[in-house]
Amino acid sequence: MTASFKSPAEPKLNNLDLAPSSEPGISGDLLEVAMGPHHPSTHGVFRMDIVLDGERVIRLKPVFGYLHRNHEKIAENITYIASMPYTDRLDYICSLTNNWAYALAVEKLVGLEVPERAEYLRIILGELTRFQNHASTIGFLIQEMGASGTPLMYAFREREKILDLFESLTGSRMMCNYMRFGGCRVDPSAEWLDQVRKVVAGLPAFTDEIDRLLTSNEILMARTQGIGILPPDLAVNAGITGPMLRASGVNYDIRKIDSYGIYNRFTFRVPLGERGDVYDRYMIRLLEMRESIRILEQALKNVPGGPIVDPKSKIRGFRPKPGEAYGRIEAPKGELGFYLISDGGPNPYRYRVRPPSLVNLTILEDMCLGAAVADVVIIFGSVDIVLGEVDR
Amino acid sequence: MFGEGILKGLAETAKNFFGSYVSADRLTTVEYPEKRLEPIEAARVFPFLVYDGGDWQAGLRCVACQICEKECPPKCIYIEKSKDKKPDAVGKMQFYPTRFDIDVSVCMSCQICVEVCPFDAIKMDKLFELATDDRFGGLILDRGMLAKSNQYFHGIHPTEAAEVDARLTAERAKSAAKAGAPAAKDAGRPQPPPPGEK
Amino acid sequence: MIDHPIVYQADQIFVLLKHWLIGQLPSSVQPAAGVLLSVVVIICLFPALFAVTTIIERKGLGRMQNRLGPNRTGPFGILQPIADGIKSLTKEDIVPTSADGVVHFLAPVLLVVVVFMGFAVLPMGRNMALTDMDAGLLFFFAIGASTELSVFMAGWSSRNKYSLLGAMRAVAQMISYEVPLLLSSVAVVMITGSLSLNKIVEAQNHYTWGLPHWYIFTPWGLAGFLIFCIAATAETNRSPFDLPEGESELVAGYHTEYSGFKFALFFLGEYVGMFSISGLGATLFLGGWSAPLQILNFIPSWFWFFSKLMAAICVFIWMRGTFPRLRQDQLMNFAWKFCLPLVLTNLFVTALWRFLGEGWLRWALCTAILVVVYVAMARAEMRSGHFGSRRYRYAE
Amino acid sequence: MTFAFYVIAALTVAGGLAAVLLRNTVHCALAVTIAFAGLAMLFLDLDAQFAGFAQILVYIGAVAILIVFAILLTRNSETPRDGVFSRNWFAGLFVAAAIFAVLGWAVLHSIAVLPNHAAVPAVTVAQIGQALVGRYVLPLEIVALLLTAAMIGAVIIALDEKGRTK
């Protein structure tokens, strides 16, 4: 970790009335606990080496790499299109946005035009993905607080409907492999779009349900408010993106800044938090789900006809001219970028992923210092990571 | 007020408790082996090889061009080309695979092989109950296991199969016309993919 | 209505049955046989109820979460508890090498013995208490206090950090919540003037305009009942106070190192503890075995007791399906800084109620005091915890 | 002097002895609990329900737990290497014997003074309550004050430590 990742200020004790049991500087009764890689609440194989003073965290070292699959090196040895299914496996909750980011990077590299209809489809699928990702993130977060899975099951109930849509369009529920360079793979039928409209019409009921179930719950407030505070300057310095950054009050949404795709045609707002604690991160996700529904409603109103893939695009014998390109999108977890260098061959010369999960996770120690072990679990849950993307 | 949020939460779970008895929208669970979900047409699991007619060995559309083997991202396909030739789906003399294995423990169901195949020979299956007690051998599907009839293809992906059939019929007519002409010089070479086909 | 012979016999069917059975024996062994019979019935009845409860819990939680719950064993999965029982009986009993074998073995045994003893004083119907002890309530709490020791023994003897932490948490929590639990019951004792649970039920078994005189229908009774519920939830380590076994932090708490039959005993102990504390709550505040309406008096008294008990269990399950759990320091703060002042206020209000005499004045005054104190405490609590609802701004 | 008395007495004494003689401190604490429980049963055997249940509630529910917690928090649950016996054990024995002698003397003398040891007075919980807030209200209040003072003292000690480390 570089120096800029460290908090400039003394880490604040997060609203916890625990007296330090030893003199500062004396490490008398410190307890070292390795949380993970086989711990129920580490979302997969992830380890946190925690040094505890009583129940207070005084050091935390995230250890990752247990799920490393050599994604970038593999991608440099296979053709461009063959990497597309591999991007599904980065953040396996939102494969469609991963596809989109990679397709965007290649489109920039080659200069392909995306047809209108494909742009609309990408927006619809991207926002559905964002919705189901945020829903399950909230579910997992509350699950870690011990709610025996109720919000998680509600989230999965809605996610089920969205995944059914994905399956009936792309053939797979999670590993969609749907976007292609310069468009999309399959043209959806009118019935499919009607189905989407029906599902989207039911989504506000779900956000309201989660809202009633959780938002004003005193236990949730007591557990999450003032816990895991991430100050805006630290967040910016550490390169945090996505809902986590916005929960700290920084207005940074790539959908607004880059307006990639056709996001500039839709009206939506970017919710911003003030304190940057776990509750803010939960609320920002909930509010973003509502904005996603707004975008979906606008996009579904008039999906234009026409081709869904640039006729110049081809799958076999795809050799971009030498050059480089960086394509980034606002993935549900933050800025997902793909950096490509082409040397004119069929395989990329360099292929690099900028994973939001990994970058957002680097700040974990600064948020957890002074918190209790029980809080570490929910702070970790509020970061919203998928280990497939962290370790690649 | 203190306690209000707790009561609201309790009301919500109570609503779901009773709602799960009346609304199928809430209770999405299906008791799997006895009841099954309606099959989704686009669903894909593992690839299979399509053959026409009744005999799978004679009717196999695959011409062992090995494009899918090359393009497969996890490299789970293994093909051995034949020495002799047999007529393919459109009636031309082509090679055929003497060996065509797919290791489904490696396959990641990405459908790239289907997209790159110029002969509509490999398609995605929907069969997912492939559990076996042999970790290695049991998960390698050979030619015989992979070969499924065109009728089966029509059964699982009717729309796509109809498109493919229309295309193949057109090509069959074309090649029949060409075969009628005396200069059938490139009959042995693999057909270039028709335009528009991916 | 109870005077009607058929109603009377239905009501007293178990009592009459027992008398008839004992009447077959020589008179010298009759007292001992009577006790033995009752004990055997209790020891068989509540594990059976435990089995029923596990299936209700799993089904109910499932339905609350839009799942089906267990559905494989028997029709609609109702044989699941039998399968679970066979499983836990036949599983290997693993004792860690470094564990303290004797204490490790004694802990679940002690827990189960102790939780069953609580039923000795609970009146489960008219004339259906095992013993009519003068200090019945005191007995109940004394017995309840002993469960802490078994929890500690389990956690300590396992020689596991998680177990020990879970046990310490559990014991600290149980001691803390015993105070509001006891004090909320003291209000009932103050009004009834007796520690005998039979007398407490009798005192509530009156009707005005067909409505019962249960203590929950008084301001102090309602407040006491709510605090009793909270404290009982914490006493039994149920969600949202299930920190001792908080699986996201402590794996399984004090019974991490238990398996097979010993684990089943802990599980049984937890549920039987729930039954006994629910029974106590029903006895103290919900009129025990008395019917909710005078016209319903023809239904046997034991039916009412057990339906109240099961209703309480369903509330436990409902809460488990809804709430996230608290953090340890918040849990302690809640007991000492919120429940304790409230329950002390409630004691004061109860005394006021007792000495103000009949009339609307005591209703108004007692309600007002309780509401004002509750609102003030709640606001102070939320302010000191720095939490509350928030508003969010949007960037266009 | 019934059979039950002998059994309970033997249990109590065994618990007390085990508390002194066992090597593991946590085992000692648990043995003390057995002695407490035996004492409570003795009370119950004498028909003193209130005293018996109060004994269980206070000594098993609170004191035993306190002892156990104290042992664990000071991290001395392991057996000391140089044995559990103090070097000047005979002094302790002497003190114990002296106390036992005084108690025995007092008991033997009071038996002679008691009017009729066959008549067991039926004391209900209500009577104990009446006596506590009636005749003995002053001692009760003094004890309560003492305990409150002790508790505040404990809190102050704890607060002081916190202030110092800050």
Side-chain angles (χ1 to χ4, degrees), chain A residues 15-18 31 33 35 39-41 55 141-154 156-157 213-227 246 249 251 253 256 267-275 279-280 283-284 287 291 372-378 381, chain C residues 57-58 60-69 161-162 164-165 168-169 238-253 317-334 337-338 378 381-382 384-396:
Chain A
N15 189 23
L16 201 76
D17 257 0
L18 294 177
L31 184 69
V33 179
M35 261 178 115
H39 191 275
S41 43
E55 206 163 333
L141 175 63
I142 312 300
Q143 163 91 333
E144 259 139 46
M145 279 182 235
S148 63
T150 308
L152 183 64
M153 293 312 294
Y154 295 171
F156 272 23
R157 184 189 71 211
L213 180 67
L214 297 172
T215 303
S216 59
N217 188 316
E218 281 81 1
I219 299 176
L220 179 102
M221 283 194 214
R223 277 306 295 278
T224 55
Q225 294 192 347
I227 300 298
R246 293 193 283 277
N251 180 13
D253 189 328
K256 289 279 186 194
T267 49
F268 64 98
R269 302 174 301 172
V270 180
L272 296 175
E274 261 167 33
R275 292 171 184 83
Y279 186 79
D280 271 355
M283 275 307 285
I284 294 300
L287 296 173
E291 296 304 316
V373 183
D375 289 335
V376 170
V377 170
I378 61 169
Chain C
E57 169 147 28
R58 294 175 67 178
L61 268 185
R63 285 294 177 166
M64 254 176 246
Q65 299 172 352
N66 297 321
R67 296 184 285 114
L68 285 170
K161 272 184 204 167
Y162 289 126
L164 189 59
L165 267 173
M168 303 264 273
R169 276 184 179 190
R238 291 283 298 183
S239 174
F241 303 107
D242 58 346
L243 275 99
E245 43 187 279
E247 80 286 336
S248 56
E249 307 137 33
L250 285 185
V251 188
I317 296 168
W318 187 11
M319 290 203 292
R320 180 174 170 196
T322 311
F323 298 136
R325 75 169 72 87
L326 284 160
R327 202 174 56 210
Q328 185 70 20
D329 57 326
Q330 291 166 342
L331 181 95
M332 287 302 185
N333 281 348
F334 188 66
K337 295 186 181 167
F338 189 79
E381 177 84 357
M382 289 187 84
S384 72
H386 306 288
F387 67 85
S389 50
R390 293 179 184 172
R391 300 190 69 79
Y392 285 83
R393 67 198 166 94
Y394 290 91
E396 280 305 316

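Below, all heavy atoms of this structure are taken into account, side chains as well, without hydrogens, waters or symmetry copies. Keep in mind that this is a model prediction, so the values were computed, not measured. Labels below follow one simple rule: chain letters A, B, ... track the order of the sequence lines, proteins then strands, and each chain is numbered from 1.
In this structure, chain C has no heavy atom under 4.5 Å from any part of I378(A). Contact of R67(C) with chain A is made through the side chain alone, with heavy-atom distances under 4.5 Å. Looking at R275(A), the atoms closer than 4.5 Å to chain C (heavy atoms on both sides) all sit in the side chain, from C-beta outward. Heavy atoms of L213(A) lying under 4.5 Å from chain C belong exclusively to its side chain. Contacts of F156(A) with chain C are absent, with no heavy-atom separation under 4.5 Å from either backbone or side chain.
The salt bridge (Lys or Arg N to Asp or Glu O under 4.0 Å) test applied to D280(A) returns R390(C), not counting sequence neighbours. Every residue two or more places apart in sequence or in another chain that forms a ring-ring contact (aromatic ring centres under 6.0 Å, His included) with F338(C) is listed here: F2(B), F334(C).
In terms of heavy-atom pairs under 4.5 Å with chain C, the best-connected choice from D253(A), L214(A), L287(A), L152(A) is L287(A).
Without hydrogens or angle criteria, R269(A) side chain to E291(A) main chain gives no donor-acceptor distance under 3.5 Å.
M64(C) places a side-chain heavy atom less than 4.5 Å from the side chain of W318(C).
Taking the charged nitrogens against the carboxylate oxygens, E57(C) and R238(C) do have a contact shorter than 4.0 Å, which makes a salt bridge.
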